[in-house]
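Single-structure report; data block below.
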Number of protein chains: 2
Amino acid sequence: MTAASLLQRILQEREDMRPAERRVADFVGSAPSKVIHMSMARLSETCSVSDPTIMRFCRRFGFDGYQDFKLHLAQSLVPSAPFVYEQIGPQDSIDNIVRKTCRNSLNAIQRLAEDLDPAQVAEGARLLQAASWTGIYATGISEVNALDAEHKFQRLGMRCQALLGRQVQWMHAESARPGEVALIFSQSGHTKQTVEVAVAARAGGARVVSVAAGDSPLAQVSDAVIAVLPYDRTELMTPLASRLNHHLVTNMLVTAIAIASGSQFPDQLPALDSWQTDKI
Amino acid sequence: MTAASLLQRILQEREDMRPAERRVADFVGSAPSKVIHMSMARLSETCSVSDPTIMRFCRRFGFDGYQDFKLHLAQSLVPSAPFVYEQIGPQDSIDNIVRKTCRNSLNAIQRLAEDLDPAQVAEGARLLQAASWTGIYATGISEVNALDAEHKFQRLGMRCQALLGRQVQWMHAESARPGEVALIFSQSGHTKQTVEVAVAARAGGARVVSVAAGDSPLAQVSDAVIAVLPYDRTELMTPLASRLNHHLVTNMLVTAIAIASGSQFPDQLPALDSWQTDKI
DNA sequence: TTCAGGAATATAGCATAACTACATTCTGGC
DNA sequence: GCCAGAATGTAGTTATGCTATATTCCTGAA
């Protein structure tokens, strides 16, 4: 986030700088790829300033020192897409639909990469692996995620079931027992039904793992939360973005569990369907 | 290019290393984000090796020294462009699983953005929109895609059904009739069953739209192909990548159809489930 | 104009990091 | 068991990043 716009920030703050630092800003701004291979002494000489000036320059942007600065500068040099959601409208051509769909997806995943806490994934995987049986709850468009998770977990040999629909969910949540896990997918984590399911499952002694917004009511009644940022206007639409992110989280869980179970190639689930390999 | 595949190269060369360097490779591979903030001494201590071993490790990959290595490592950590699949292995930490999953997904989508032909999407959308009814065929892990497509198309008011399982698929393909469309998701386009379904559906007068590899047998017996590059070793594994791409293609189709149907906000499907909005 | 007072910048020194030459240990073949 | 040759570690050198302190430069009021 801050990394990507580092050069921009430098050029921006340039105005508020005194001559010496400004010379540094100019050079860094004009030849950042050279800077990352320079020592402090070389850079200070090139800019006709002293070492400490370079230090102050780096500190100004909140870095620990020159090394830290160089590291972030290097990272900011590799191109990446900005975090903006591009609305698709009636005026958009097919070309645009394709492009924007891809870009929005890229953005969503990059956000996930930045915000997701690996420790939460680890904890979720741990609970799931220890479960005697897992109920996978989802509603609306997230149902597909539940089915996906069911498919993959079963390939790992886990006992689980996707639970779709109000009645089915109630039935299972109310009969939850110790040793079981309830895995809940929720875009926002504010849906009443979803929270009630979590509470019921927990009352029965099951552990609740939820993939939802971190500060949501659902998160508060869960044993483990894998926090995925919801998108602003989630209530009114069903954007591709969060679905995609939940999808990736599912994959991470599967991979983590596969590794913990000793599989050698965790990202390659075996092709079980023998007839599927009947190629032509 | 070389920068981005650094981690992969490390894991690859690991095999040819002697114990000491291998310990370094393991740690760098499992916690690269920590490494870039470590000094040589810290790293050597962590890996229980000596400083020069670290040096030799860096030189092995063609870098000037440790600093140079760290810089490139840092760059390779930011999610970005290049088209390399980073294998996930047993030695990977949770941090790595999260990172690699995201990066692989980003790569897949970027490939899609480059290779996908919008005209093919447009043609597919046109046929689907004109259909009186659509059968959505998929097998194995792609079944989830079929369910996803079913869900979304139905939200648009289209008549369609996901057809999973051999018998169900045959039943529908053999009774296909003019005016209908068969939408087929296939990773490779080489599966025998899939091709036979396409031929049967077409014989009955239905139009066949397939999402598959462009040069596959399935493509040859389809009325419209939305070509999505398969991944190398697709036969043996179920990678996230192609699934993700098919997923996006589905979204593009939905969006395109929504636009053609006159919806004003094509990327926001309406939340149909009224109880779902019962928030707390 | 002059002279504080404070900010901006440079100097000098220190601790530590990266790197190198050389010694030691390990490995595999006879 | 012994001996090349490779693999790894030890110790020492250089230079780097960083800090405490001094100097210079600017601003503004007497």
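In what follows, chains are A, B, ... by sequence order, proteins preceding strands, each numbered from 1. Predicted model only: the values in this text are computed from it and were never measured. Values below: every heavy atom of this structure, side chains too, minus hydrogens, waters and symmetry copies.
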Between [atom2] on [N] and [atom1] on [X], what's the gap in Å once rounded to a whole number?
X	N	atom1	atom2	value
A/R42	C/dA18	CZ	P	18 Å
B/R60	C/dC19	CZ	P	18 Å
A/D68	C/dA17	CG	P	15 Å
B/Y66	C/dC19	OH	C1'	13 Å
B/M38	C/dT16	CE	C1'	17 Å
A/D51	C/dA10	CG	C1'	10 Å
B/I54	C/dT20	CD1	C1'	16 Å
A/E45	C/dT11	CD	C1'	16 Å

Legend entry - Sidechain N-carboxylate O distance under 4.0 Å for A/D148, A/K152: yes
Inset, instruction - Select base, sugar-phosphate, or nothing to describe what B/R59 touches, counting heavy atoms under 4.0 Å on all strands. - result: sugar-phosphate
Inset, instruction - Looking at every strand, decide which applies to A/S48 at a 4.0 Å heavy-atom threshold: base, sugar-phosphate, or nothing. - result: sugar-phosphate
Legend entry - Distance-only side-chain donor-acceptor flag, B/T53 / B/E21, under 3.5 Å: no
Inset, instruction - Consider only side-chain N and O atoms of B/D51 and B/S44, and report whether a donor and an acceptor are under 3.5 Å apart. - result: yes
Verify the contact: side-chain N or O of [X] to OP1 or OP2 of [N], cut-off strictly under 4.0 Å; return yes or no.
X	N	value
A/R56	C/dA7	no
B/T53	D/dA7	no
A/S39	D/dA15	no

Inset, instruction - For the side chain of A/E21, starting at C-beta, report the closest nucleotide among D/dC18, C/dT9, D/dG9. - result: C/dT9
Legend entry - Residue A/Q67, side-chain atoms from C-beta onward, closest of D/dT10, C/dT11, D/dG17: D/dG17
Inset, instruction - Please confirm whether the backbone N or O of A/R42 pairs with a side-chain atom of A/S39, one donor and one acceptor, at under 3.5 Å? - result: yes
Inset, instruction - Using the six-membered ring wherever Trp is involved, compare the ring planes of A/H72 and A/F63 and label them parallel, tilted or perpendicular (cut-offs 30° and 60°). - result: tilted
